[in-house]
Novice: 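One structure, as structure tokens, below. Some questions next.
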Amino acid sequence: MVILLVLIGSVGAVLVLQARRGSLDEARDRTLSVATAFASAPGTVEALDGPHPTAVLQPRAEATRMRTGVAFVVVYRPDGIRLTHPDPALIGKHVIGPYEQATRGKPFTKVITASRGPAVDSIVPVFRPDGSVAGVVSVAITLETVNGTVARQMPVLIGAVAGALVLATGGSAWASRRLRRQTHGLGHVEMTRMYEHHDAVLHSVREGVLVLGGDGRLLLANDEARRLLDLAPDAEGRPVADLGLEPRMAGLLDSGRVASDEVLLAGDRLLAVNIRPTDRAGGPPGSVATLRDTTELRALSGRAEVTQERLGMLYDAGVRIGTTLDVVRTTEELAEVAAPGFADLVTVELLDPVLRGDEPTPTADMRRTAIRGTCPDAPLFPVGESIGWLPGTPMAVALESGHAVLEADLGAAPGWQAQSPERAREVLEYGIRSLIAVPMRARGVVLGLVDFWRTDQRDPFDEEDLSFAGELVARAAVCVDNARRYTREHGVAVTLQRSLLPRELPEQDALEVAHRYLPAQAGVGGDWFDAIPLPGARVALVVGDVVGHGLHAAATMGRLRTAVHNFSALDLPPDEILANLDELVARIDQDKAAEAETDPVTGATCLYAIYDPVGGRCTVATAGHPGPALVRPDGTVDFPEVPASPPLGLAAGLPVETAELDLAEGSCLVLFTDGLVEDRDRDIDTGLALLRDALAGRPGRDPEETCRAVVDAVLPPRPSDDVALLVARTRLLDPARVADWDVPRDPATVAPVRAACVRQLGAWELEDVGFNAELILSELITNAIRYGSEPIHVRLLHGRDLVCEVSDGSSTSPHLRKAATTDEGGRGLFLVAQLAQRWGTRYTPRGKVIWSELSLRDGAAEPGKDVGDLLLDQWADETF
């Protein structure tokens, strides 16, 4: 309070002095402004230069003094004679003072001693128009007036000082009350007594107490803490790192984290450490640590560490074993978890049927699948070797009993050495001394055997290790059995899918084709591919994908592939093929929904392309499938724009658009499924960039080499989806092997066109099929003239087979029928069907094409007798 009073008094004095100084400044400004105004007033200069200046200026000066409240307004002549003054007796008197400075034209203000006492005086010259000084005006305010102004401000200043004193007193009282509340009402005497009591308790307890500051320094240590940690006398105030503690103990104390009964070694003592922060309830930053001597628990701590390590190993087993559905890899993961933490060496053997995914049989041979540990060169049976354990060996006993078997000392185990005495001697010389053999059982069936080996560098196995080994193997056995079941299902699905895929593509002249199909490691999917020969030397290329994995996807793929073959037999364009497939998938999904099944086909995609080697044109349509890649003959690669359509089953009747590609001879058309370019670890743009790089820059590479390059460069390391790849290099049919004629709609033109066709066949050296071709062309041209419409066109294609085509502008298709015995006609198409290898109708935007194929590989039917027999077979014997 004294300090506050001194401070407040000092502030009050400063405020008074400041108020006085402000009043003096105000007086200077006020007198100067009044003097300047009077000197500049109109008539002042004239009055000074007139005959009676006092008579004019005295009334003005008094009026100004009364109006402004100044002490006096005095006018001097330049020689110092007063012309005005409040006391008329002083008018005309000579004044000795500082007015001479004003006569030189410089106004000023200063404190002077006037007739009325000390005053603030401002003196201003009066200038004539020519700049000369006509007189001087002096205006003053006495200091009594200034002090009166200060006196009027004193109540405010005193009030402010009093308010500050009240606030300071109230604040001190509030702080005192708060301090007492925080000390629970204790005064300084009680606080001193309490501190002495707490200090006595702190140093008398048999538990070490350390108080650490927020900066990691030791603030306080009781006697027990000094004894347990062997602290130096000057330890307080030093950082924890400089106390000479064990690294783990120093690190824990310096960390500031919460600890509960953490057991650490300090010299030859085992201490349980508890740490709690001190700033949770608003206290200062830092922590308090308590230390308890638990040296008697040292023996138990070793077991606790081993138990903790075993629990951690079991946890790792649950996380690391069974990451894949591969049987062999699962056994390797088991060996990696157990070695070298539990054993120096771990070996795993499985029954042969388990490796194939079949149900295990006790009489089957075992095959070693994994060896892991710190002794990779140990003289044990290698991976892949078939092993048959002899009766009496620990392995055979374990398999027969279904329980783990312990051999703590292999040197004293004659049954184990009987399996292979020479190898047993090498194993003992290597240093392997202890063994635990654990049968791998799942669902009560033995799948294999796990052997844990220890060398003489470690303690031999004991009974506690036996139970842990059994628990570890039991967890792994479930994963192995799951992998075995998956292997079986995966094998069945792969077998089914490969049986549904084409084993080899049919021979044809339009394209040189190579393909790859790679099932996903996670399960077989529904990808497929196909190359289907079409009439007119054309070829259809198909790539499709059914979303999903397993038997259902493979079976659905087979249904769609069969449907594509059936629709292709109708010789439909790509857009109609995909439209029919869309309707088929939609019907299948409706049937699935009606049967309450949960595996619809929606998600199937397909790309269908037809290549015509006569003109090198390829028509492509896609339903939700990635477009093809095109490799030009010069090695450049691009991805042609193909109009996108929804996946199969989702189009809802929307039309499918096609793209027309003109392909030069030697171009490569690359069709693929999304599993090649898309994976969970990369997006499709990255995959397409890799595909472009794999295809570019190698002109002239055959399709088989292209397939290998694409698979090596683009295929993900572990594909999560099936991959189907189809590479087709284009060929063009030699124009010399194509002949065509326009046929007027006149029956008389049949014979000349037929003769021209026969001559062309002779030029091609196809006289063996000339007679059959002549009959077929005669019938087809006659039908086109009789039943069709113009334009009528005939074309012969000499490829692998001879193709005869007759087109007209009518969309009406002839059909094969059984002619009655009384009919004169109706047997022409029957002859065509009998003489040709295949025949059919293809519709075009301008009409239709009736085609037939004559085989050039097996020879033609002999004319004459055979044809006659065919004609005679059309009538019954009674008719003749």
Side-chain angles (χ1 to χ4, degrees), residues 502 505 507-518 527-534 537-545 574 605-622 625-644 658-679 682-716 719 723-734:
L505 298 178
E507 296 181 357
Q508 38 76 34
D509 296 328
L511 298 168
E512 181 182 356
V513 182
H515 59 85
R516 290 290 187 277
Y517 171 74
L518 301 170
D527 294 14
W528 91 91
F529 62 91
D530 221 331
I532 306 171
L534 298 178
R538 296 168 303 139
V539 177
L541 299 176
V542 190
V543 172
D545 183 8
T605 64
C606 184
L607 184 147
Y608 193 95
I610 296 179
Y611 175 69
D612 188 351
V614 176
R617 171 155 295 191
C618 183
T619 305
V620 185
T622 177
H625 199 86
L630 178 60
V631 184
R632 304 290 183 183
D634 58 358
T636 59
V637 180
D638 60 358
F639 295 91
E641 290 290 338
V642 179
T658 61
E660 300 286 343
L661 307 178
D662 292 322
L663 306 181
E665 187 170 13
S667 301
C668 275
L669 200 63
V670 181
L671 282 62
F672 53 89
T673 56
D674 58 358
L676 178 67
V677 296
E678 190 173 11
D679 191 68
R682 72 182 185 197
D683 57 22
I684 191 171
D685 293 334
T686 303
L688 291 175
L690 292 174
L691 178 60
R692 180 188 297 272
D693 295 340
L695 295 174
R698 292 290 300 276
R701 183 168 54 183
D702 62 49
E704 189 64 32
E705 293 176 347
T706 301
C707 280
R708 284 197 297 268
V710 169
V711 170
D712 293 342
V714 185
L715 190 68
V723 174
L725 176 64
L726 192 64
V727 179
R729 184 162 65 179
T730 61
R731 298 169 179 159
L732 291 179
L733 194 61
D734 189 353

Novice: How close do A531 and V539 get, heavy atom to heavy atom, and via which atoms?
Specialist: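 Result for this residue pair: CB-CG1, 4.5 Å.
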
Novice: Using a 3.5 Å distance criterion without hydrogens, assess whether the side chain of H625 forms a donor-acceptor pair with backbone atoms of D674.
Specialist: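 No; judged by distance alone, with no hydrogens or angles, the pair does not exist.
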
Novice: Hey, is CZ on R682 packed in by over 12 heavy atoms from elsewhere, all under 6.0 Å?
Specialist: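 Correct, the count exceeds 12.
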
Novice: Is atom CD of E641 surrounded by more than 12 heavy atoms (other residues, nucleotides or ligands) closer than 6.0 Å?
Specialist: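 Open: at most 12 neighbouring heavy atoms sit under 6.0 Å from CD of E641.
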
Novice: First locate atom CG of L669, then atom SG of C618, and finally report the distance between them rounded to the nearest 0.5 Å.
Specialist: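 The SG atom of C618 is 5.0 Å from CG of L669, to the nearest 0.5 Å.
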
Novice: Are any non-hydrogen side-chain atoms of V513 and V727 less than 4.5 angstrom apart?
Specialist: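 No - every pair of side-chain heavy atoms lies 4.5 Å or more apart.
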
Novice: Determine the minimum heavy-atom distance between L511 and A728, stating which atoms define it.
Specialist: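 In this case the closest contact between L511 and A728 is CD1-CB, 4.0 Å.
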
Novice: Are L541 and V543 close enough that some pair of their side-chain heavy atoms sits under 4.5 Å apart?
Specialist: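 When only atoms from C-beta onward are counted, V543 and L541 do not touch, as no gap falls below 4.5 Å.
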
Novice: Is there a donor-acceptor pair under 3.5 Å between the side chain of D530 and the backbone N or O of I532?
Specialist: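 Looks like no, no N/O pair under 3.5 Å.
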
Novice: So how far is it from L688 CG to D693 CG, rounded to the nearest 0.5 Å?
Specialist: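 The CG atom of D693 is 11.0 Å from CG of L688, to the nearest 0.5 Å.
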
Novice: Can L690 and V677 be said to form a side chain to side chain contact (heavy atoms under 4.5 Å, CB included), step by step?
Specialist: CA-CA 8 Å; L690 292 174; V677 296; over 6 Å; no

Novice: Calculate, to the nearest 0.5 Å, the distance between atoms CG and OH belonging to L661 and Y611 respectively.
Specialist: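 Going from CG on L661 over to OH on Y611, the span is 11.0 Å.
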
Novice: Of all heavy-atom pairs between P613 and A510, which one has the smallest distance, and what is that distance?
Specialist: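 Smallest interatomic distance, heavy atoms only, reads CG-CB, 3.6 Å.
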
Novice: Could you check if a side-chain atom of L607 sits within less than 4.5 angstrom of a side-chain atom of P626, using non-hydrogen atoms only?
Specialist: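 No. Closest side-chain heavy atoms not under 4.5 Å.
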
Novice: Taking side chain as C-beta onward, heavy atoms only, is L663 less than 4.5 Å from L630?
Specialist: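 They are in side-chain contact.
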
Novice: Please determine whether side chain to side chain contact (heavy atoms under 4.5 Å, CB included) holds for the pair V723 and R516, giving the CA-CA distance in whole Å, both sets of side-chain angles, and the decisive distance to 0.1 Å.
Specialist: CA-CA 8 Å; V723 174; R516 290 290 187 277; over 6 Å; no

Novice: I'd like to know if the side chain of T673 reaches the main chain of A724, judged simply by a donor and an acceptor atom lying under 3.5 Å from each other, with no hydrogens or angles considered.
Specialist: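 Yes, T673 side chain to A724 backbone: donor-acceptor pair under 3.5 Å.
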
Novice: Going from CG on L671 to NE2 on H515, what distance comes out if it is rounded to the nearest 0.5 angstrom?
Specialist: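 The CG atom of L671 sits 13.5 Å away from the NE2 atom of H515.
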
Novice: In Å and rounded to the nearest 0.5 Å, what is the CG to OH distance from L726 to Y517?
Specialist: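 Result: 14.5 Å between the selected atoms.
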
Novice: Test your reading of the model: is there a side-chain donor-acceptor pair from R538 to the backbone of I610, 3.5 Å cut-off?
Specialist: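 Answer holds: no.
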
Novice: Taking Y608 for the side chain and G544 for the main chain, is one N or O donor matched with an acceptor at less than 3.5 Å?
Specialist: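 Such a contact is absent between Y608 side chain and G544 backbone.
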
Novice: Looking at E660 and R617, what are the two nearest heavy atoms and their distance?
Specialist: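 That would be OE1-CD, 3.1 Å.
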
Novice: Closest approach of R632 and D662, non-hydrogen atoms and distance?
Specialist: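 Looks like NH1-O, 3.9 Å.
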
Novice: Taking all atoms of both residues into account, what is the closest heavy-atom pair of P628 and P640, and its distance?
Specialist: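 Looking at all heavy atoms of both residues, the shortest contact is O-CD, 3.3 Å.
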
Novice: D638 versus T636: any side-chain heavy-atom pair under 4.5 Å?
Specialist: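 Side-chain contact under 4.5 Å: no.
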
Novice: For the side chain of T730 and the backbone of A664, is there at least one donor-acceptor N/O pair under 3.5 Å apart?
Specialist: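 Confirmed, T730 side chain pairs with A664 backbone.
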
Novice: Taking atom CG of L534 and atom CD of Q508, what is their separation to the nearest 0.5 Å?
Specialist: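 It is 10.0 Å, given to the nearest 0.5 Å.
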
Novice: Within the 4.5 Å heavy-atom criterion, are L691 and F672 side-chain neighbours or not?
Specialist: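 Counting from C-beta outward, L691 and F672 do come under 4.5 Å.
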
